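Reading through the structure tokens given below for one structure.
Convention: sequence-line order gives letters A, B, ...; per-chain numbering from 1. Note that the structure is predicted; figures quoted are calculated from it, not measured.
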Number of protein chains: 2
Amino acid sequence: MDAMDTSTPRARAREQTMRDIVRIGRGHLATEGAAALSLRAVARDLGLVSSAVYRYVASRDELLTLLVVDGYDELGDAVDAALERVDTADFAGRLAAIGRATRAWALAEPATYALLFGSPVPGYEAPAERTTGPGTRVVGRLVEVWEDAWQAGAVDLDDAPLTPRRFSRDLGRIRRELGLSAPDRLVARGLFAWAALFGCLSFEVFGQYGADTLTDPADLFEAHLAALVEAVGLA
Amino acid sequence: MDAMDTSTPRARAREQTMRDIVRIGRGHLATEGAAALSLRAVARDLGLVSSAVYRYVASRDELLTLLVVDGYDELGDAVDAALERVDTADFAGRLAAIGRATRAWALAEPATYALLFGSPVPGYEAPAERTTGPGTRVVGRLVEVWEDAWQAGAVDLDDAPLTPRRFSRDLGRIRRELGLSAPDRLVARGLFAWAALFGCLSFEVFGQYGADTLTDPADLFEAHLAALVEAVGLA
DNA sequence: CGAAAGCAAGAGCACTGCTCTCTTTGGTCA
DNA sequence: TGACCAAAGAGAGCAGTGCTCTTGCTTTCG
């Protein structure tokens, strides 16, 4: 079904063309933006007529999905690579490494970042069965940090249940699904830190801060990281 | 220049048409999204041929600008109205009111929220001279809260300069331009809270959290507000 | 009253996503 | 080797888009 057979020359050529489409699509995504991503333009750059591209990609939306998965993979790889260079017991360092790696990737690939974490593309819904897997890699790494820190007793947060009770139940369900021992407050603070991290990144990538109010935006990001570390009780 | 003369019937008709265009544009923005906003479709709904709309709006980008300004104004009004119902001395309450009002507006107008705080529309740059004014109302209110709280001695943050020195200088410049007495750390935490708030909102509005993992997302937002209050030292 | 300005309409250009048909090419198998 | 079939590419075509230009008509004002 996947036509992943690389034995025949034809299959290899097809795979190469698929890679070219994604590569050119990423280029257009970076220069034109997601909404202006044009299958016809990709076809031109590929030296093909527009209808021929439909032999490889069913629709513009499927091209977007390919780029979404590609982006999640690249980001996930970058985060994993950064985490390998950090001491496992340094929980704040792991959190900072995730943040810095994500920021570096986001600044290098703002268009893909916008595609993954910005406003949803109108009329396009990422198919869950293909994107949730790669899409949850980063938050998964974050959860690992908090869980490890909690089990190591390095988290300065109490384990009292949060109010209202339905909220505590929801958090309990999340805890159960992910197999965590972290208490309500840490799960909630973890969700906060996750959202806050991407809020900081979106502001920077999308230029929500003034244009040149800061000499080096990295300084502000480091301050943000300190606030994040504190928010999850890793101070 | 603005043709705001309401004396002649023609000017009044023109103004009415402009309002209709913004109203219909907002409707399309809500249902189709910013990137799919079509001047031709607006013209159809208006009962005009597409070229006639260009008598009123110079381009699609200018229509976007109208909607941007309209959105900032509406959000600013909502925040101001919410703040009127809060005791001035209740700094955490003011912060929470700003957050809740912004959230309510964002959930009611997700497309406009995406236009203002989501990924930038490719090829469109909001003209600073028309959007910075209304666009800074909310963050201005936030800054007021922190400044008032600092002057009232209600902020639990030290006033040591932050590192590196260039970052402290940048923060000093911001402090001077806004006429603040808040120290480095509070300014930095304020920026963090600002970005974090919109990160939480973007995750909720754009559906970055799982679809139905929470009984009532407002519970999580209240937890986020508590974290924000703590982050700026208003605990 | 007549000139000037404003308004609407329509045609047209270049672009988009996508479908359809047609022809060529490549791989397989008798 | 030759036949056959599926994959790949080409091209035309449909409906939509932003935007420009010209052509008339109407309102306003000197």
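- As rounded to whole Å, 14 Å separates atom C1' of dT16(C) from atom CG of Leu63(A).
- Going from atom CG of Leu48(A) over to atom P of dG11(D) covers 11 Å, rounded to whole Å.
- Phosphate proximity of dT17(D) to Ser38(B): present, with a side-chain N or O under 4.0 Å from OP1 or OP2.
- The distance from atom CZ of Arg14(B) to atom C1' of dA8(C) is 13 Å, rounded to the nearest whole Å.
- One N or O donor and one acceptor, one from the side chain of Arg55(A) and one from the base of dG9(D), sit under 3.5 Å apart.
- Side-chain atoms of Leu220(A) and Phe167(B), non-hydrogen and from C-beta on, do get closer than 4.5 Å to each other.
- Close to dT17(D), at under 4.0 Å from its OP1 or OP2, lies a side-chain N or O of Arg44(B).
- Note on Tyr54(B): a base of the nucleic acid sits closer than 4.0 angstrom, heavy atoms only.
- For Arg40(B), taking side-chain heavy atoms from C-beta onward, the closest of the listed nucleotides dG10(C), dC22(C), dG12(C) is dG12(C).
- Of the candidates dT17(D), dC19(D), dC18(C), the closest approach to any side-chain atom of Ala41(B) belongs to dT17(D).
- Ring orientation note: the planes of Phe117(B) and Tyr113(B) are tilted relative to one another, at an angle of 30° to 60°.
- Distances shown here put every side-chain N or O of Tyr56(A) at or beyond 4.0 Å from the OP1 or OP2 atom of dA7(D).
- When side chains are defined from C-beta on, Asp170(B) does not count as touching Thr213(A), because their heavy atoms never get closer than 4.5 Å.
- The nearest heavy atom of DNA chain C to Ser59(A) and to Gly47(B) marks one nucleotide each, and the one closer to the 5' end goes with Gly47(B).
- Leu37(A) comes within contact range of the sugar-phosphate backbone alone, with a heavy-atom separation under 4.0 Å but no base atom that close.
- Aromatic ring pairs are classed by plane angle as parallel below 30°, tilted from 30° to 60° and perpendicular above 60°; the pair Phe192(B) and Phe192(A) is perpendicular.
- Counting any heavy atom pair closer than 4.0 Å across all strands shown, Ser50(A) reaches a base atom.
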